[in-house]
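For reference, the structure is listed below as structure tokens.
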Number of protein chains: 2
Amino acid sequence: MQTTNTTEQQIIDAAKKIFMQKGLAGARMQDIADEAGINKAMLHYYYRSKDKLFEMVFTEALEQLLKRINAIFTGDMPFKEKVAAAVDHYITSLSASPHLPIFIINELNQNPERIVERFVHAAEFPDIKKFMQEMLTEMEKGAIRKMSPLQLMMNTLSLCVFPFIAKPIISNVFGMNDEQYKALMEERKKSVTEFILMSLRP
Amino acid sequence: MQTTNTTEQQIIDAAKKIFMQKGLAGARMQDIADEAGINKAMLHYYYRSKDKLFEMVFTEALEQLLKRINAIFTGDMPFKEKVAAAVDHYITSLSASPHLPIFIINELNQNPERIVERFVHAAEFPDIKKFMQEMLTEMEKGAIRKMSPLQLMMNTLSLCVFPFIAKPIISNVFGMNDEQYKALMEERKKSVTEFILMSLRP
DNA sequence: ATTCTGTTTAACCATTTGGTTAAACTCAGG
DNA sequence: CCTGAGTTTAACCAAATGGTTAAACAGAAT
């Protein structure tokens, strides 16, 4: 990924970092300017207001998250492999940017209307429903036990995403440092896949 | 629970509501004063600063969350019943205060040091380890299949808590209103318990 | 060289925000 | 009734913050 080093790009990179770290309310325009190594007025020159700049960052982040969610579901793998691939993909992906989900969820929670506009032209999530259809097919075939596909979908996401969201609590409760936590997440790829598939035994 | 209607109590009630809704950075002292129906100066009269007031609310919320986490694990039920009881308890409990986990996790994420002082004298979480010990016992007996107790613990928490944290995304992706989502959580009590126990079949 | 356009800077501004202060009010005890 | 301690209020303050402006700068086109 070649991030062209124009001022414009430097700004959104800096904004992304600061907003993800401190949230909309907590982020200061000066922080972003400092992070980008430029004057505060430049922020307003390129993106008119704090809100406009935030909107830009947030939209991109949300799209990124949604893309990740159903990146795997499109493939043509057999069902069980697809589960394994999805789990692996999520955990790998979230290891690289662990703040993404908390950022999205938190801002979305403080301003739920923000999602509305975004989802009108969303070409991002139909694949999920396709995957849920595959679940039903497998159940009919008797390859896996019957259960609500929606619940199964939520379970899969929960098992992958939650440990990253709750890292500060979990790592403290069990007294782990960052390295140990990362190892735990790595081990988790196999563990979660197995957990799901074992549960789905007919 | 009789919330004595002293000014003092009114303030922390209001503060709890506003902080949970907007976070530390997003909350305004004026908002809290308005919510409590009092003058802004009163906040400083009773609790010296915004930070002090926040600390109070946050600590209480964290303790509440931790208490809930291991409320069930203390009992003397057989293992499988304990799992069912725990899942039921979490989902019921979170349905009543769905903003608790997001609040904690978000603030903890922006200021991880905050947890340190809190956990020094924590008499709150040893029960979790006791429960993990019970898992091992069950595995040795062959009553459930073998897996990492830590991962199983994380799975249980993930399955219960995540759907509340990610509600704004999930309900939008699947186009559900609040009522439907609540029903989904209700259905989830049985579904998650079953999902876990089915996975643990030897 | 000069002009013209887009970019960058420093100084400035209005508003918001956390916090203070001194006066006013309440009410129990003398 | 009066005093005095705790409580409440309105007015105020200094700092921080998002945003503006006009001037300076750079570099391509004429």
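Naming: A, B, ... by sequence-line order, numbering from 1 per chain.
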request  = May I ask you to check whether R188(B) and S95(B) show a side-chain donor-acceptor distance below 3.5 Å?
outcome  =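 Side chains of R188(B) and S95(B): no pair found under 3.5 Å.
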
request  = Establish, from distance only, whether the side-chain atoms of E107(B) and N111(B) form a donor-acceptor pair under 3.5 Å.
outcome  = no

Could you check whether [X] gets within reach of a base, just the sugar-phosphate, or nothing at all, counting any heavy atom under 4.0 Å?
X	answer
A25(A)	nothing
Y46(A)	sugar-phosphate
A33(B)	nothing

Residue [X], side-chain atoms from C-beta onward, closest of [options]:
X	options	value
M29(B)	dA10(C), dG19(D), dG18(C)	dG18(C)
A41(A)	dT9(C), dG19(C), dT8(C)	dT9(C)
R28(B)	dG18(C), dT21(D), dT20(C)	dG18(C)

Atom [atom1] of [X] to atom [atom2] of [N]: distance rounded to whole Å?
X	N	atom1	atom2	answer
N39(B)	dG18(C)	CG	P	14 Å
H44(B)	dT8(D)	NE2	P	16 Å
I11(A)	dT7(C)	CD1	C1'	11 Å
K40(A)	dG18(D)	NZ	C1'	6 Å
R48(A)	dT20(D)	CZ	P	9 Å
I18(A)	dT17(D)	CD1	P	13 Å
Q10(A)	dT8(C)	CD	C1'	13 Å
E8(A)	dT7(C)	CD	P	8 Å

Earlier contact from the 5' end, DNA chain C, for Y45(A) and L24(B) = Y45(A)

inquiry  = For F54(B) and F19(B), I'd like to know if the aromatic rings sit close, meaning centre-to-centre distance below 6.0 Å.
reply    =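 So the answer is yes for these two rings.
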
Aromatic contact, F73(B) with F131(B) (centres under 6.0 Å) =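 Yes: the rings meet the under 6.0 Å criterion.
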
ask   = Do K50(A) side-chain and dG19(D) base share a donor-acceptor contact under 3.5 Å?
value = no

inquiry  = Between R145(B) and E194(A), is the salt bridge (charged side-chain N to carboxylate O under 4.0 Å, His left out) condition met? List the steps.
reply    = CA-CA 11 Å; R145(B) 74 176 174 90; E194(A) 199 173 53; 3.7 Å; yes

inquiry  = Can you see if the side chain of T7(A) gets near the phosphate of dT8(C) - specifically, an N or O under 4.0 Å from OP1 or OP2?
reply    =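 Yes, T7(A) has a side-chain N/O under 4.0 Å of OP1/OP2 on dT8(C).
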
